[in-house]
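Some notes on the structure that comes next.
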Amino acid sequence: MRPARSPAELGLTAYDRRKLERALRQSRDARHFRRLLAIKLIAEGKAPGEAAHLAALSRPAVYFWLERYLTERTASALVDAPRS
């Protein structure tokens, strides 16, 4: 098994961690909170599988939301799209 990549290798910084912590405190939606939590855990050095377990998400979902966060660099990137 390949070791998990470090937050720096993924492009996550201390600024990202602080931004995610602020967003966690302000989040009022459970889905958004779990996604923020998973990305924050990865930014702290946890493996994506462990972050998925702790945030009650699937591993593929964590990878999806991590990619989305890294593309946009905002907590709002982890919010659900509007539904009909």
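Positions are given from 1 along the sequence.
Ile42 and Leu70 fall within a single hydrophobic cluster, where Ile, Leu, Val, Met, Phe, Trp and Tyr side chains are chained together by heavy-atom contacts under 4.5 Å. Note: the hydrophobic cluster containing Val62 also contains Leu24 (ILVMFWY, side chain heavy atoms under 4.5 Å, direct or indirect links). Both Ile39 and Leu10 sit in one connected hydrophobic cluster of ILVMFWY residues. Membership requires side-chain heavy atoms under 4.5 Å apart, directly or through other members. Connection of Phe33 to Leu78 is established within a shared hydrophobic cluster, with ILVMFWY side chains joined at heavy-atom distances below 4.5 Å, either directly or through further cluster members.
Within the model, atoms NZ of Lys40 and NZ of Lys19 stand 15.0 Å from one another, a figure rounded to the nearest 0.5 Å. Between atom CH2 of residue Trp65 and atom CG of residue Leu57 there is a gap of 9.5 Å, rounded to the nearest 0.5 Å. Rounded to the nearest 0.5 angstrom, Arg34 CZ and Leu54 CG are separated by 13.0 Å.
Applying the 4.5 Å side-chain rule to ILVMFWY residues, one finds that Val79 remains a lone member of its cluster.
The heavy-atom pair separating Ala55 from Ala38 by the smallest distance is CB-CB, 3.9 Å. When all heavy atoms of Ala23 and Ala75 are compared, the closest pair comes out as CB-CB, 3.5 Å.
Take Arg28 and apply the side-chain contact (heavy atoms from CB on, under 4.5 Å) test, not counting sequence neighbours, and it matches no residue. With sequence neighbours excluded, no residue forms a salt bridge (Lys or Arg N to Asp or Glu O under 4.0 Å) with Arg22. Applying the side-chain contact (heavy atoms from CB on, under 4.5 Å) rule to Arg17 yields the partners Ala14, Ala43, Glu44; only residues at least two apart in sequence or on another chain are considered.
In the displayed structure, His53 atom NE2 is contacted under 6.0 Å by at most 12 heavy atoms of other residues, nucleotides or ligands.
The shortest side-chain heavy-atom distance between Leu12 and Leu66 falls under the 4.5 Å cut-off.
Residue pairs meeting the salt bridge (charged side-chain N to carboxylate O under 4.0 Å, His left out) criterion with at least one member in residues 56-68, sequence neighbours excluded, do not occur. Every pair passing salt bridge (charged side-chain N to carboxylate O under 4.0 Å, His left out) that includes a residue from residues 71-84 is listed here, sequence neighbours excluded: Asp16-Arg73, Arg31-Asp80, Arg35-Asp80, Asp80-Arg83.
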